[in-house]
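What follows is a set of notes on a single structure, which appears directly below.
In what follows, chains are A, B, ... by sequence order, proteins preceding strands, each numbered from 1. Keep in mind that this is a model prediction, so the values were computed, not measured.
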Amino acid sequence: MDLRLKKQSDFNEVFRKGKRSYSKNLALIYIKKSELKVGISVSKKHGNAVKRNKIKRLIRAAYYPFLEKLPNYHIVFLPKTGIDFSYNDLLDDIKYLLKKEKLIDEENFN
RNA sequence: UAAGUCGGUUGUGUGACUGCGGGGGACGGUUAUGCCGUUCAAUGAGGAAAGUCCGAGCUCCAUAGAGCAGGGUGCCAGAUAACGUCUGGUGAAGGUGACUUUAAGGAAAGUGCAACAGAAAACUACCGCCCGAAAGGGUAAGGAUGAAAAGGCGAGGUAAGAGCUCACCGCUCGGUUGGUAACAACUGAGGCUGUGUAAACCCCACCUGGAGCAAGAUAGGGAUGCGCUAGAAGAUUGCUCGUCAUGCGCAAACGCAAAACGUCGCUAGAGCCGAUUGGUGACAAUCGGCGUAGAUAAAUAGUCACACUAGACAGAACUCGGCUUAUAGACCGACUUACUUU
RNA sequence: GCUGAUGUGGCACAGACGGUAGCGCACCGCCUUGGUAAGGCGGCGGUCACGGGUUCAAGUCCCGUCAUCAGCU
């Protein structure tokens, strides 16, 4: 099952209609749909291709443990610019955001 | 030992666990050479993958031809599939030297431009010098300007001067020798005249159809309507000619289909590594070995441990050959100059 | 990925053929007004995106780099 959000039109819909939530390093945008799909959008302002790829990999690795517990939403992660990212910071941010928006039940954590 | 020149290699590594991409094996499910699931062991970014500046392959443009225009290259010889690349040489410039740099054809085919200053920027003559009573004539040594001023310097010569004459240097034309050639050396003649700019137009020689994998293929039938009809139409940079009649182009009910962000193209290629031989070298030939990413919102990550020099620049997107640009360091080889010692 | 175009004062733009970089708005000072705006006069402000080359001389010609903006599925 492919859980990646791919299509330009889907991204546009999420950006236009989605609910936004912010943490220190990340923005989370989501919209309720019939299936679960997760995408990442990294701006060109983050630097060259190597740096952008690195950020995408870190985010992907960080949300992966929660993937099976998420309900049916289209979700886009949007990292902020001007920050040095690390895996642990992103993990904390994602936990905080998912809890804050009640996308995951308390008892399902850990 | 110090300072320097040139060339080459490398571009964090190791282990454990959890993951990702594409392919393969085994097993299972299913009507299926397909699809799905489980599992196993292998495999998975660069020297520049970058910029897209050249050159090729490949694909399409009904034909792919000719001429002009346009564009490119520009010392000579070679290498190469090809090139604007590379190698070896020649000339010029720089450096004590190792060595480096070099878009380096033609200005006597023609045209243009050379601001300001200066008499004059190319058929020169203001001041000056000389002859002369003057009118006028002969001159270009000296002067000032400028980036550039009419071969340079010395001697003779003269009314004053001047290649007017002579020596040396430079230039032009010719000869001999060496070299495949660019060219070099030697030598003879001419007396000297035409400054610079061709990365200004241009001339000469050679090369050149256009677009690009977002190319293109996967399917091509079609009642009927409209347009075009040989100075028309065609996705083909422009113009002319040639070529295209089982006419062409556009729209299109209907019909076909698993379907168009899919599938193929998509990775074995002028391939890489090693040795030998030929060549100054680029490179070529022969022999042996290797099987080495193929994604499509796009795969290399996370955690822990250890090592050291504490990790720079940076991510394949059809594929090669170059060029250019970015780059922390580490290592190897050849050579030069200076000093010291033998 | 491929193909093009553009970079000139703070902002929008000129600058065919190489020869002292200009215009408008903005800004500053003065005049005008009781004061402001408008108007008038004067002035400031540029490594012509960056680095090389050709030329006596480059914003202009040639080569490379960087940035920005378009188009092609």
Over how many whole Å does the gap from [X] atom [atom1] to [N] atom [atom2] extend?
X       : N      : atom1 : atom2 : answer
A:Ile94 : B:G302 : CD1   : C1'   : 13 Å
A:Asn88 : B:U303 : CG    : C1'   : 9 Å
A:Lys56 : B:A299 : NZ    : P     : 6 Å
A:Arg52 : B:A298 : CZ    : P     : 13 Å
A:Ile55 : B:A297 : CD1   : C1'   : 16 Å
A:Leu78 : B:A297 : CG    : P     : 19 Å

How close do [X] and [Y] get, heavy atom to heavy atom, and via which atoms?
X       : Y       : value
A:Leu97 : A:Ser21 : CD2-OG, 3.4 Å
A:Ser41 : A:Pro79 : O-CD, 3.2 Å
A:Ile75 : A:Leu28 : CG2-CD1, 3.3 Å
A:Ile40 : A:Arg60 : CD1-N, 4.1 Å
A:Tyr63 : A:Ile94 : N-CD1, 3.9 Å
A:Ala62 : A:Leu90 : CB-CB, 4.2 Å

Find the partner of [N]: check Watson-Crick (N1-N3 plus N6-O4 or O6-N4) and G-U wobble (N1-O2, O6-N3) distances, both under 3.5 Å, and reply none if neither fits.
N      : answer
B:C126 : B:G143
B:A230 : none
B:C290 : B:G271
B:G151 : B:C169
B:G221 : B:C254
B:U158 : none
B:U303 : B:A16
B:U59  : B:A211

(message) Any side-chain N or O of A:Arg60 below 4.0 angstrom from OP1/OP2 of B:A298?
(response) yes
Between [N] and [M], how far is it from one [atom1] atom to the other, in whole Å?
N      : M      : atom1 : value
C:A21  : C:A58  : C1'   : 13 Å
B:A305 : B:G274 : P     : 41 Å
B:G329 : B:A314 : C1'   : 16 Å
C:G59  : C:G7   : P     : 15 Å
B:A149 : B:G194 : C1'   : 15 Å
B:A42  : B:U18  : P     : 15 Å
B:A147 : B:A117 : C1'   : 12 Å
B:A185 : C:U65  : P     : 42 Å

Taking only N/O atoms, report every protein-nucleotides 311-315 of chain B pair under 3.5 Å with atom names and distance.
unit_1	atom_1	unit_2	atom_2	d
B:G315	OP2	A:Ala49	N	3.3
B:G315	N7	A:Asn53	ND2	3.3
B:G315	O6	A:Arg57	NH1	2.8

Quick check on [N]: syn or anti? Syn means the glycosidic torsion is within 90 degrees of zero.
N      : value
B:A42  : anti
B:A148 : anti
B:U267 : syn
B:G231 : anti
B:C60  : anti

(message) Once you apply a heavy-atom cut-off of 4.0 Å, does A:Leu58 come out as touching a base, just sugar-phosphate, or nothing?
(response) sugar-phosphate
[X]: which residues meet the side-chain contact (heavy atoms from CB on, under 4.5 Å) condition with it, sequence neighbours left out?
X       : result
A:Arg52 : A:Val42, A:Lys44, A:His46, A:Ala49
A:Asp93 : A:Ser23, A:Lys24, A:Asn25, A:Leu26
A:Lys54 : A:Leu58

Check nucleotides 15-22 of chain B against the protein and report each pair of N or O atoms closer than 3.5 Å, with its distance, or say if there are none.
none

(request) Name all stems that contain residues of RNA chain C, defined as runs of 3 or more consecutive Watson-Crick or G-U wobble pairs, both distances under 3.5 Å. (result) C:1-7 with C:66-72, C:27-31 with C:39-43, C:49-53 with C:61-65
(message) Once you measure the plane-to-plane angle for A:Tyr73 and A:Tyr30, does it fall in the parallel (<30°), tilted (30-60°) or perpendicular (>60°) bin?
(response) perpendicular
(message) For the backbone of A:Lys32 and the side chain of A:Lys19, can you confirm whether one donor and one acceptor N or O come within less than 3.5 Å of each other?
(response) no
